[in-house]
Amino acid sequence: MSTTLRAENITVQYGQFAALDHVSLEFKPHTTLGLVGESGSGKSTLARVIAGLIIPNEGQVNLGSQVLGNRRTREQHKKIQMVFQNPDASLNPRHSVKQILAEALLFHKIVERSQVEERCKELLARVRIDETALDRYPHEFSGGQRQRIAIARAIAVEPSFLIADEPTSALDVSVQASILDLLNTLKSELDLTMLFISHDLAVINAICDTVAVMRKGKLVEVSPRDTFFTRPESSYGYELLSAVPTMPQFSNDRS
Ligand SMILES: Nc1ncnc2c1ncn2[C@@H]1O[C@H](COP(=O)(O)OP(=O)(O)OP(=O)(O)O)[C@@H](O)[C@H]1O
Ligand SMILES: [Mg+2]
């Protein structure tokens, strides 16, 4: 089943300051949308509004014909899951891996209690972590492995939409590629629609179908990947690309 997710006219105010200013964005099912823009432009704020973690001052998030209201149901929460930049902050250090995954599985009634252990093992296999990890605690793992566990928890509840907000920027460079590869594989295997936030345009180019560009709380461009990387529509998109020394496809000729 493919349901289109839409953010409509989203505004988030912090006092006088608009972190998001009437942002509308549509996610085509089973595609990856890359969200780029300078620090502070509102990318994470938009991600959190879509995930239901922040209530916007204006606008709404729609899933198909359903409006996801300010108090989302458990079923609505389940559909949109998020992976954060820093797995340390998102995993409870006092819970074993089994407890972390079981809590998500049981809260969202994904399996019966008797099947939890089996499902936890399947989830770990999906994120390429050995099942002996089940009785261990987050601090016993590397940063990359912790991010895999956070990803396992996100997919445990069988979402249709996954948001990854700079999922590799807190990790060692040597493991970044394998985490991106994992997200990309899961996206295909599980038919996910993905919102992927990154400062790294090479990564955006490698895994996204569509590129959206934010600046100062406004969306200034939404283009197919190839269009963005060859002939960006916005002057700000052009600026972002010009700042990357090794963008081979990018033509400097704007005529
Ligand atoms: N709780 C808050 N209270 C006040 N201002 C906030 C709050 N959260 C975010 N902001 C401000 O809103 C703006 C957008 O923040 P946001 O985190 O969405 O940016 P971002 O594009 O994700 O940046 P980065 O690339 O650095 O992660 C920033 O100016 C930030 O300081
Ligand atoms: Mg951010």
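Atoms within a ligand are numbered from 1 in the order they appear, just like the ligands themselves.
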Whether [Y] and [X] form a salt bridge (side-chain N of Lys/Arg under 4.0 Å from carboxylate O of Asp/Glu) is what I want to check.
X      : Y      : answer
Arg153 : Glu103 : no
Asp21  : Lys218 : yes
Glu158 : Arg126 : no
Lys43  : Asp165 : no

Between the side chains of [X] and [Y], is a donor N or O closer than 3.5 angstrom to an acceptor N or O?
X      : Y      : value
Glu75  : Thr73  : no
Ser178 : Arg148 : yes
Ser198 : Asp200 : no
Glu58  : Gln13  : no

Please report which non-hydrogen protein atom sits nearest to [atom], along with the residue it belongs to and the distance in Å to one decimal place.
atom                    : answer
atom 26 (O) of ligand 1 : Ser39 OG, 2.5 Å
atom 30 (C) of ligand 1 : Phe17 CE2, 4.7 Å
atom 27 (O) of ligand 1 : Glu166 OE2, 3.5 Å
atom 4 (C) of ligand 1  : Tyr14 CG, 3.4 Å
atom 15 (O) of ligand 1 : Thr45 OG1, 3.6 Å

Which ligand 1 atoms, with their elements, are less than 4.0 angstrom from a heavy-atom of [X]?
X     : value
Ala19 : 12 (O)
Ser44 : 17 (O), 18 (O), 20 (P), 22 (O), 27 (O)
Ser41 : 19 (O), 21 (O)

Look only at interatomic distance and state if Gly40 has a nitrogen or oxygen under 3.5 Å from any nitrogen or oxygen of ligand 1.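 It does: an N or O of Gly40 is found under 3.5 Å from an N or O of ligand 1.
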
Counting only nitrogen or oxygen atoms and a 3.5 angstrom limit, does Gly42 reach ligand 1?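 Min N/O separation from ligand 1 is below 3.5 Å for Gly42.
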
Whether Gln85 lies under 4.0 Å from ligand 1, heavy atom: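 No, Gln85 has no heavy atoms under 4.0 Å from ligand 1.
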
Check if Gly37 has a non-hydrogen atom at a distance under 4.0 Å from any atom of ligand 1.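 The answer is no: ligand 1 sits nowhere under 4.0 Å from a heavy atom of Gly37.
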
The Mg ion (ligand 2) reached by Gln85 (N, O or S, under 2.8 Å):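 It does not; every qualifying atom lies at 2.8 Å or beyond.
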
By the definition side-chain contact (heavy atoms from CB on, under 4.5 Å), identify the one residue from Thr45, Leu63, Leu195 that meets it with Ile50.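 Result: among Thr45, Leu63, Leu195, Leu195 is the only option passing the side-chain contact (heavy atoms from CB on, under 4.5 Å) with Ile50.
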
